[in-house]
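Lettering of chains follows the sequences in order, A, B, ..., and the numbering in each one begins at 1. Just so we're clear, the structure is a prediction, and the values are computed from it rather than from any experiment.
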Protein chains: 2
Amino acid sequence: MELRQLITFITIVELDGYKKAAGELGYAQSSITAHMKDLEQELGTPIFDRLGRKMVLTEAGKKFLPYAEKIVRLYAKSKEAIQNTTEPSGQLTIGASESLMIYWLPTIIKRFREKYPLVELTMKSIQYDNLTGQLKKGDIDAAILVETLNFNPTELVTNLIKKDELIHVTADAAIMPDTMLVTEYTCSWRPLVEEYLKGVGKEFISRVELPSVEAIKQSVLCGLGNAMLPTFTVENFMKSGDLQEVHNSKREQVGIFTAMHKNKWVSPSMRAFLEVLES
Amino acid sequence: MELRQLITFITIVELDGYKKAAGELGYAQSSITAHMKDLEQELGTPIFDRLGRKMVLTEAGKKFLPYAEKIVRLYAKSKEAIQNTTEPSGQLTIGASESLMIYWLPTIIKRFREKYPLVELTMKSIQYDNLTGQLKKGDIDAAILVETLNFNPTELVTNLIKKDELIHVTADAAIMPDTMLVTEYTCSWRPLVEEYLKGVGKEFISRVELPSVEAIKQSVLCGLGNAMLPTFTVENFMKSGDLQEVHNSKREQVGIFTAMHKNKWVSPSMRAFLEVLES
DNA sequence: TATTATAGTTCAATAATATTGAACTTTGGA
DNA sequence: TCCAAAGTTCAATATTATTGAACTATAATA
């Protein structure tokens, strides 16, 4: 049984005759006969009675008709549902680094939700040590993260959304305290912090590792130590003066990137999200 | 898009891989690739992301999956519904002559209904002058009727269920009144009545045409005239003595027949009905 | 870091099947 | 009685589905 035979069957019933159906569908009449013979063989019973030159549905044919119609209707519907995905919809799972999630994405997500309400958006925090794995397994469709500017792993397609800088901040601009508050090792910019410290000859300074950017920031505010953080995380406190840049400190370049698996199909939802990101 | 491709698609998702699906379905792996390429072409979007050696459903694929499953499930269901028609069901329309409908069929219908409750049985009265037409148009699936024993029209398959006789009845057995109560001309046994009258030299006797057997019987009972009727219509009144056979009258042979179009497929319901009829 | 095994793709050859036209059958009207 | 219309059959042909072999890319392993 194949869809084409079901379509033939339905057309015969609609137009009341093999010949008309053949004309409608662009087949030779004998093809119509063949289609129906196949169907009847598969079903094991005749579906038409050949009463004189009239074709009349048998009881089996009558029972089968609604099934055939439903199947063909579903077929058409499925095509439409997939093809006419003008309006992004369905699930979209984005992995984001914790800091971006807090300081940058909320407004973006809000805009995206307003524009594409049919997309079921899920945000997940990413594991920096297994980004490729997460993208490959389909755990997340794309990732947004802060990385060094040379970020470009094979297997992934990356895209720089925005450049930013790591800035050395402290509660009191005059001093560079002995304690450096840092993120964990798997954090993407942690190597840059280490490089910076080496650059200023402070590679042996004591470090306190804290689990989140927000924890580090609050601790810096209390004077517990200082830290290298992306500017977008500290902008507001710089303006208010609660945090200040260490004098003569060097800034390190970082970028906000999107990343996805290179073979991944970019769905309409995904494209929409990337567009909102870039605007 | 063909059913076979949908089955392949579903199997791939279930077994998680082209190779396993190929094994399961008895295809070469390249056939699986071809199936999915066809599907993707028809839908206009990829349905799998080739992430490394893992095949992961795309968003479009995820949306398509439930459609595919529903279509394949319907396909299986339809086959089952048609093939496993062990239990007769569906519509069955029987045409019957008015007399049989009244005196013979009620108990048969009752038995049939008890045995096959799923069949929606419809009884229609037949037009004797257009029996073939009714059978051909699908107005009725089969007819049950009283006919002369040589009843055997081309185009129809007939079957003698039971022999019966036309019996010349009257309210007073001693006399044969001047008035003959007869059915209309299109009635199947009317010619036999005419033949009988000719046989007994009464071909010019006066006739009153009445529209139904029941009307004739009641009229005979009142002494309005006499009539030739099938025994099954008058049995009870013969036993009670209210109707009596005319002395030395000849009986005419008739039969109760089923008739259906010769090309008509005998559905399980129909077969069941015929079996009940013959028991 | 090679090496190997695994999973999927490509492509040309082949097997399978769908379609067709021509001749035939049956039926319903002129 | 003959003709036209509708469907069937069947052999020829066109199309398509399937396959095996060579190839690519990736994951595992040694």
Check the distance between [N]'s [atom2] and [X]'s [atom1] and give it to me in whole angstrom.
X: B:Gln41; N: C:dT10; atom1: CD; atom2: P; value: 12 Å
X: A:Lys54; N: C:dG29; atom1: NZ; atom2: C1'; value: 14 Å
X: A:Leu3; N: C:dA18; atom1: CG; atom2: P; value: 13 Å
X: B:Met55; N: D:dA27; atom1: CE; atom2: C1'; value: 16 Å
X: B:Leu39; N: C:dG8; atom1: CG; atom2: C1'; value: 17 Å
X: B:Arg50; N: C:dT6; atom1: CZ; atom2: P; value: 22 Å
X: B:Lys262; N: C:dT25; atom1: NZ; atom2: P; value: 15 Å
X: A:Ile12; N: D:dG7; atom1: CD1; atom2: P; value: 8 Å

For B:Lys54, does the NZ atom have more than 12 heavy-atom neighbours from other residues, nucleotides or ligands under 6.0 Å away?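 Not more than 12 within 6.0 Å, no.
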
With a non-hydrogen cut-off below 4.0 angstrom, is [X] in contact with a base, only sugar-phosphate, or nothing?
X: A:Asp38; value: sugar-phosphate
X: B:Gly133; value: nothing
X: A:Lys136; value: sugar-phosphate
X: B:Gln5; value: nothing

Candidate nucleotides [options], ranked by approach to the side chain of [X] - the nearest:
X: A:Arg53; options: C:dG28, D:dT19, C:dA18; answer: C:dG28
X: A:Tyr27; options: C:dT19, C:dT9, D:dG20; answer: C:dT19
X: A:Arg4; options: D:dA17, C:dT19, D:dT8; answer: C:dT19
X: A:Lys37; options: C:dT27, D:dT19, D:dT9; answer: D:dT9
X: B:Ser30; options: D:dG20, C:dT19, D:dT18; answer: D:dG20
X: A:Gln29; options: D:dT8, D:dA27, C:dG8; answer: D:dT8

May I ask you to check whether B:Phe273 and B:Tyr116 place their ring centers less than 6.0 Å from one another?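 They do not qualify: ring centres at least 6.0 Å apart.
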
Could you tell me whether a side-chain N or O of A:Arg50 sits under 3.5 Å from a main-chain N or O of A:Phe48, the two making a donor and an acceptor?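 Present.
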
Look only at the side chain of B:Thr93 and the backbone of B:Thr122, and say whether a donor-acceptor pair between them is shorter than 3.5 Å.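 Absent.
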
Here's a test of your reading of the structure: between A:Gly52 and A:Gly26, which maps to the more 5' nucleotide of DNA chain C?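 Whichever sits nearer the 5' end wins; that is A:Gly26.
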
N or O in side chain of B:Thr33 less than 4.0 angstrom from C:dT9 OP1/OP2: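 For B:Thr33, the contact criterion (side-chain N or O under 4.0 Å from OP1 or OP2 of C:dT9) is met.
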
Phosphate OP1/OP2 of D:dA17: any B:Ser31 side-chain N/O under 4.0 Å: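 Checking D:dA17 against B:Ser31, no side-chain N or O comes under 4.0 Å of OP1 or OP2.
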
Examine the side chains of B:Lys63 and A:Ser89 and answer whether a donor and an acceptor come within less than 3.5 Å of each other.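 Looking only at side-chain atoms, A:Ser89 and B:Lys63 do form a donor-acceptor pair, the distance falling under 3.5 Å.
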
Heavy-atom pair with the smallest gap, counting every atom of A:Leu6 and A:Leu39: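 Looking at all heavy atoms of both residues, the closest pair is CD2-CD2, 4.2 Å.
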
